[in-house]
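A quick write-up on the structure given underneath.
Small disclaimer: the values here were computed from a predicted structure and weren't measured. Positions are given from 1 along the sequence. Order of appearance sets the numbers: ligands from 1, and atoms from 1 within every ligand.
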Amino acid sequence: MAIAVAYRPGGLLAAKVQLKQVHAATTEGYAHRPGGAQALFMAEVAELERDHHLKLTVAAWHDFKAGRMPSGPGAPTLIAAFEHIDAELAATPAGPAQVLTAEQQLINLLRPHAKRLYVGVANYCWFRDPAKALCLRLAGVTIGPNSKPLIGMCDAARCPQATHHMEHRSVWLSGAESSPRLLTVLPRSQRDARTRVQEDADRSQRVVDAIDFAIAG
Ligand code: SF4
């Protein structure tokens, strides 16, 4: 019945109402028309994500210009990329008529970097080279040109594509502060576990210190 109704003009919505389904995607499934609203929804999500990544990249750029540098293993590469962009912008003749053009030029130069950005809980991943992705190497998956980062397995303190910014500080700080509390309840007999917790705490504190140092310029 879903198919019969859904294939009439405006029928998909009619079928949704008639079948009392909450989501159009469910009706699409019944009507053997997957991909309609779902595809549109996914396209909208991807576009919002692109906009968000561009905003984050622009914010990182403005931080760089203000002397608030990124930290983390990927910071030298990101700083070098921003310095390159800075030099390109400086080569453009300035003038009142150039204001809009300069802003657009900046966006154009930052967009390729924004496209490579993946947002982790405690870091940004500038996914330039799948072969350098520590998460993929640790997962032991086949790495190819279309590989995507496994952000859930991110080792941001060691991967050369990871950077840390001010907004990540609280995450690392909470790790640095909670690990010592855990040590107070871990029995001394669990030596390996205590060593791992202590290493986590030390690593988190190192990242916090590096963020503070880089932000201070
Ligand atoms: S380990 Fe993290 S930063 Fe490195 S590629 Fe994977 S997700 Fe990106």
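Relative ring orientation between F64 and F82 is described as tilted, the plane-to-plane angle lying within the 30° to 60° band. Taking the six-membered ring where the residue is Trp, H53 and Y118 present tilted rings, their angle falling between 30° and 60°.
Heavy-atom minimum distance, H165 versus W126: NE2-NE1, 4.3 Å.
Annotation: H52, atom NE2; neighbour count of heavy atoms from other residues, nucleotides and ligands within 6.0 Å does not exceed 12.
In this structure, H164 has its ring center no closer than 6.0 Å to that of Y124.
Within the protein, the number of N/O/S atoms found under 2.8 Å from atom 2 (Fe) of ligand 1 is 1.
Residue pairs satisfying the side chain to side chain donor-acceptor pair (under 3.5 Å) criterion with at least one member in residues 69-87, sequence neighbours excluded, are listed as follows: K65-D86, H84-E88.
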